[in-house]
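These numbers were taken from a predicted model, which means no experiment stands behind them. Below, all heavy atoms of this structure are taken into account, side chains as well, without hydrogens, waters or symmetry copies. Numbers here simply count residues along the sequence, with the first being 1.
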Amino acid sequence: MKYNRLFYMLILLSCVSLLGFGYVLQYVKGLEPCPLCMVQRAAFLLIILVSLSACVHNPGRIGTRIYSGFISLFAVFGAAIAGRQIWLQHLPADKVPECGPGLEFMLEVYPLAETIKTLIKGTGDCAEVVWTFLGLSIPEWSIQVFTLLAVISIYQLYRSRSATFS
């Protein structure tokens with residue numbers, strides 16, 4: 001059905017737009033992303049790759065379940081990371097962890113496992129709110145998008161159990 005391709009195309013375009021806006025904030029506005037922002041970007045990128053594959057493939061019933069399952073998984077992961085950053089942003093100033101080294105330094109000096117652990121844990125950089133829109137910070141917007149992506153992809157997953165696709 002063409003509905004599948006349209007569904008995944010909308011997810012693809014939404015995530016590409018969000019990543020594009022993130023790059024505008026970084027390269028035009030000069031806002032450097034923190035480690036947790038980078039992990040959230042990776043989650044959006046994984047969702048983009050899965051939805052692009054689904055657009056090209058135009059899956060049937062089983063493929064829809066697989067693609068929607070992966071999108072749900074990556075969206076829940078992204079929401080968890082955004083939730084961690086929101087928690088850091090709302091900590092009292094004396095409880096905020098120290099700022100850590102930059103990503104490039106960590107990749108050059110630390111083993112990959114240590115770099116990933118540091119990225120996911122977050123640093124003091126992650127607690128700083130550098131941009132807001134309608135009173136919400138970037139991770140507060142991200143968690144809403146990740147949650148919406150998870151909900152609609154789970155809906156698509158269960159919808160594909162009873163529907164027949166061509």
Within the 6.0 Å centroid threshold, strictly below: Phe44 and Phe146 = yes

Under 4.5 Å between side-chain heavy atoms, hopping through other hydrophobics if needed: is there a path connecting Val151 to Leu73?
-> no

Measure from the ring center of His57 to the ring center of Tyr8 and say whether it is less than 6.0 Å.
-> no

Rounded to the nearest 0.5 angstrom, the CG-CE distance for Leu45 and Met38 is 10.5 Å

Looking only at non-hydrogen atoms, find the nearest pair between Leu149 and Ile71 and report the distance.
-> O-CG2, 4.4 Å

Could you pull out the closest heavy-atom pair between Thr147 and Ile143, with the gap in Å?
-> OG1-O, 2.7 Å

Taken to the nearest 0.5 Å, the spacing of Arg5 CZ from Cys55 SG works out to 7.5 Å

Rounded distance [0.5 Å steps], CD1 in Ile11 versus OG in Ser153 = 6.0 Å

Non-hydrogen atoms of Ile81 and Leu36 that approach each other most closely = CG2-O, 3.7 Å

Between atom CH2 of Trp141 and atom CD of Gln40, what is the distance when rounded to the nearest 0.5 Å?
-> 14.5 Å

Smallest separation among heavy atoms of Ser72 and Ile154, with atom names = OG-CG1, 3.4 Å

Joint cluster assignment, Ile86 & Val76, ILVMFWY side-chain distance < 4.5 Å | no

Criterion side chain to side chain contact (heavy atoms under 4.5 Å, CB included) on Met9 and Leu13, from CA distance to verdict | CA-CA 6 Å; Met9 181 64 73; Leu13 292 175; 4.0 Å; yes

Pair Gln85, Glu140: side-chain N/O donor-acceptor within cut-off below 3.5 Å | no

Would you tabulate the side-chain donor-acceptor contacts of residues 46-53 under 3.5 Å, counting partners in other chains and residues two or more places apart, or write 'none'?
from	atom 1	to	atom 2	distance (Å)
Ser51	OG	Ile47	O	2.9
Ser51	OG	Ile48	O	3.1
Ser53	OG	Leu49	O	3.0

Test side chain to side chain contact (heavy atoms under 4.5 Å, CB included) on Phe7 and Ile152 and set out the steps.
-> CA-CA 9 Å; Phe7 173 79; Ile152 64 172; 4.3 Å; yes

Closest non-hydrogen contact found for Asn4 with Pro59 is ND2-O, 2.7 Å

Please table the atom pairs, donor to acceptor, closer than 3.5 Å between any side-chain atom in residues 19-35 and protein atoms at least two apart or in another chain.
from	atom 1	to	atom 2	distance (Å)
Gln26	OE1	Arg41	NH1	2.7
Gln26	OE1	Arg41	NH2	3.2

What is the minimum heavy-atom distance between Ala43 and Gly78, and which atoms define it?
-> CB-CA, 3.9 Å

